[in-house]
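What follows is one structure encoded as structure tokens, with my remarks underneath.
Because the structure is a prediction, the values reported are computed rather than measured. First the proteins, then the strands, lettered A, B, ... as listed; each starts at 1.
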2 protein chains.
Amino acid sequence: MNTTALCPRFEKAMSILSQRWTGLIIYQMLSGPQRFCTIESAIGVSGRLLSERLKELENQGIVNREVFPETPVRIEYSLTEKGLSLEPLMREIEKWSQTWLETDSTAKND
Amino acid sequence: MNTTALCPRFEKAMSILSQRWTGLIIYQMLSGPQRFCTIESAIGVSGRLLSERLKELENQGIVNREVFPETPVRIEYSLTEKGLSLEPLMREIEKWSQTWLETDSTAKND
DNA sequence: ATAATTACTTACATAAAGTAACTAACTTTA
DNA sequence: TAAAGTTAGTTACTTTATGTAAGTAATTAT
């Protein structure tokens, strides 16, 4: 049973961020509206999961989907106000990672 | 193929935070050193995963494990300096969740 | 000797993520 | 007109992660 003493809002925020790819998708979209294939290749997520995540983020009011009936069709994804408000948090992650993480190889395990 | 243009440190930070439970474990430990069963019941994680996550966090230098050979044995987990430095980030999540999320029921989907 | 406690581990079931091939709508090229 | 290319996905299947429940070791209490 889940008898959590934690704030349910915090838990929900965490459940969003702890979904694989959502953080990177949001971070990537901080640089402006972009299309499916751009996000796909920028962060290296598969179409299947990107599609799934974008739908979820749209349902949560974090991402906006706009269709431009050009040729071929252009669909742009952008952050809503709610999505943009995640920027300070993303910057904190950025800061922390710059300060405390190494590129990889040196796993700091001794 | 993962041809990421993203900063590898940022990606790594995200991969830590996007593991289920790690965020909540760290958040919970911000209130001070605590033992296994305390964390377990506070956030509602199973022993299996808590054990797994604490080991990973220990390997990443985020969590410290200290054994007190009392009776019954007491083992306390605490945040290292690296772990504590995640506080501002956790506070941002807290802030964002307070501002933008509702307790649940009202799914904001209309 | 039996039960209780803490900090786990093991075994197994279910859910999520990865991979690759496929589709729809349209356009360009041959 | 047919074949191939583009974008934005979807479908089917495999692998990995997570959930659940029961078990273990060391120790103390009854």
Tabulated below should be each protein N or O lying under 3.5 Å from an N or O of nucleotides 13-17 of chain C; please produce it.
{"from": "C/dA17", "atom 1": "OP1", "to": "A/Arg53", "atom 2": "NH2", "distance (Å)": "2.9"}
{"from": "C/dA17", "atom 1": "OP2", "to": "A/Arg53", "atom 2": "NH2", "distance (Å)": "2.4"}
{"from": "C/dA17", "atom 1": "N7", "to": "A/Arg48", "atom 2": "NH2", "distance (Å)": "2.8"}

Distances under 3.5 Å between protein N/O atoms and the N/O atoms of nucleotides 26-28 of chain C, please, pair by pair.
{"from": "C/dC26", "atom 1": "O3'", "to": "A/Thr71", "atom 2": "OG1", "distance (Å)": "3.3"}

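B/Ser46 has no side-chain polar atom (N or O) that falls below the 4.0 Å cut-off from OP1 or OP2 of D/dT20. Look at B/Arg65 and you'll find a side-chain N or O under 4.0 angstrom from OP1 or OP2 of C/dC8. Residue B/Lys55 places no side-chain N or O under 4.0 Å from the OP1 or OP2 atom of C/dA7.
If you measure from atom CD of A/Glu70 to atom P of C/dA25, you get 19 Å, rounded to the nearest angstrom. Atom CG of A/Leu24 and atom P of C/dG18 are 11 Å apart (whole Å). Rounded to whole angstrom, the span from the CD atom of B/Glu40 across to the C1' atom of C/dA7 amounts to 9 Å. With rounding to whole Å, B/Leu50 atom CG is found 17 Å from D/dA21 atom P. Whole-Å rounding puts the A/Ile75 CD1 to D/dT10 C1' distance at 14 Å. Note: CD (B/Gln34) to P (C/dT6) measures 15 Å, nearest angstrom. At whole-Å resolution of the value, CG in B/Leu54 and P in C/dT9 are 10 Å apart.
Among B/Glu40, B/Glu76, B/Gln28, the single residue meeting the side chain to side chain donor-acceptor pair (under 3.5 Å) criterion with B/Gln34 is B/Gln28. Considering B/Asn64, B/Val63, B/Ile62 in turn, B/Ile62 is the only one that fulfils the side chain to side chain contact (heavy atoms under 4.5 Å, CB included) rule with B/Lys82.
With the nearest nucleotide of DNA chain D identified for both A/Arg35 and B/Gly47, A/Arg35 has the one nearer the 5' end.
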Candidate pair A/Phe36 and A/Leu50, rule side chain to side chain contact (heavy atoms under 4.5 Å, CB included), full reasoning: CA-CA 8 Å; A/Phe36 194 91; A/Leu50 180 54; 3.9 Å; yes
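A 4.5 Å side-chain heavy-atom check between A/Trp96 and B/Ser85 finds at least one atom pair inside the cut-off.
When all heavy atoms of B/Leu79 and B/Ile26 are compared, the closest pair comes out as CD1-O, 3.9 Å. Contact detail for B/Arg91 and B/Tyr27: the closest heavy-atom pair is NH1-CE1, 3.9 Å. Between B/Met29 and B/Ile39 the shortest heavy-atom distance is SD-CD1, 3.9 Å. The heavy-atom pair separating A/Val73 from A/Pro69 by the smallest distance is CG2-CA, 4.4 Å.
Heavy atoms of B/Tyr77 sit under 4.0 angstrom from primed sugar atoms or phosphate atoms, though from no base atom.
Every residue meeting the side chain to side chain donor-acceptor pair (under 3.5 Å) condition with B/Glu70, not counting sequence neighbours, appears here in chain and number order: B/Arg74.
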